[in-house]
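Just so we're on the same page: letters track the sequence lines, and every chain starts at 1.
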Protein chains: 2
Amino acid sequence: MEQYDPDAQVDHDGPVPPYKQLAGILAARIERGDWAPNRAIPAETRLAQEYGIARSTVRRSIALLVERDLLFVVPQRGTFVKPRQ
Amino acid sequence: MEQYDPDAQVDHDGPVPPYKQLAGILAARIERGDWAPNRAIPAETRLAQEYGIARSTVRRSIALLVERDLLFVVPQRGTFVKPRQ
DNA sequence: TTTCATTTGTACGTATGTATT
DNA sequence: TAATACATACGTACAAATGAA
């Protein structure tokens, strides 16, 4: 995955699909320490609002980061930063 | 994954979500030999029609089987049965 | 106990883009 | 030109579980 500016916004007009952009941005924010391990990131609906994309798109981004072991999801509770393995 | 009847249909009222049901059904059909290795399975739209579910749901099922190395996708060409590893 | 808000899970339909046939 | 097929994104709706009030 590319390196992203943790303060970047999602660009709807570029060649990189928004779901990949957001995954990169969130990875950068985790790396920076915006959220401590075992702490929840903002809810999907909140992220959708903040980045101006659909919740279904946010979910695709999160799925990427879960696959990369950066996040884990607890149904009905939230999405959490995974402690370093 | 559970064992499925390759001739089963998708049940919208049961506890198992359709995308998991279809993944199981397709796995059973691959196992049975409905499609040879390196041959394409029906298109997503076709599967959606045949099983009475949305195309987006079909795609979730396929994603599961890609992850399990039963299928591989060639963009703009189709979804193919992976030869045994 | 009941109610309510929050959050993720699932499913649907629609639209547009790109590449191949 | 047209049809086909996958990639991406949007919005909507409802279900299920949790936890707070």
Quick one: is Thr57(A) getting a side-chain N or O under 4.0 Å of the dC10(D) phosphate, OP1 or OP2?
yes
Measure from CZ on Arg46(B) to P on dT4(D) and round the result to the nearest Å.
12 Å
Would you indicate whether the side-chain heavy atoms of Asn38(B) and Val81(B) approach each other to under 4.5 Å?
no
Write down the distance between CG (Leu64(B)) and P (dG9(C)), rounded to a whole number of angstrom.
14 Å
Name the pairs: protein N/O against N/O of nucleotides 2-7 of chain C, kept only if under 3.5 Å.
none

Is the phosphate of dT8(C) approached by Arg59(A) (side-chain N or O, under 4.0 Å from OP1 or OP2)?
no
Which distance, rounded to the nearest 0.5 Å, do you find between the NZ of Lys20(A) and the OH of Tyr4(A)?
9.0 Å
Any heavy-atom pair between the side chains of Glu44(A) and Val58(A) that's under 4.5 Å?
yes
Examine distances only and state if a side-chain atom of Ser61(B) and a backbone atom of Tyr19(B) form a donor-acceptor pair shorter than 3.5 Å.
yes
Contact nearer the 5' end of DNA chain C, comparing Val74(A) with Val58(B)
Val74(A)
What nucleotide, of dT8(D), dC10(D), dT8(C), holds the atom closest to the side chain of Tyr19(A)?
dT8(D)
When you match His12(A) and Ile41(B) each to their closest nucleotide on DNA chain D, which lands nearer the 5' end?
Ile41(B)
Taking atom CD as the centre, does Glu50(B) end up with more than 12 heavy-atom neighbours from other residues, nucleotides or ligands that are less than 6.0 angstrom away?
yes
Under the side chain to side chain contact (heavy atoms under 4.5 Å, CB included) test, which residues partner Ala63(A), sequence neighbours left out?
none
Lys20(A) NZ to dA7(D) C1', straight-line distance once rounded to whole Å
9 Å
If you check every side-chain atom of Ala54(B), which of dT10(C), dG13(C), dT8(D) has the closest atom?
dG13(C)
Report the distance from atom CZ of Arg60(B) to atom C1' of dC6(D), rounded to the nearest whole Å.
18 Å
Let me know the distance between CD1 of Ile53(A) and P of dA7(D), rounded to the nearest Å.
19 Å
Is Arg55(B) side chain donor-acceptor paired with the dA7(D) base, going by distance under 3.5 Å alone?
yes
Just by distance, do the side chain of Gln21(B) and the backbone of Asp11(B) share a donor-acceptor pair under 3.5 Å?
yes
Nearest-Å distance for atom pair CD/C1', residues Gln49(A) and dC10(D)
15 Å
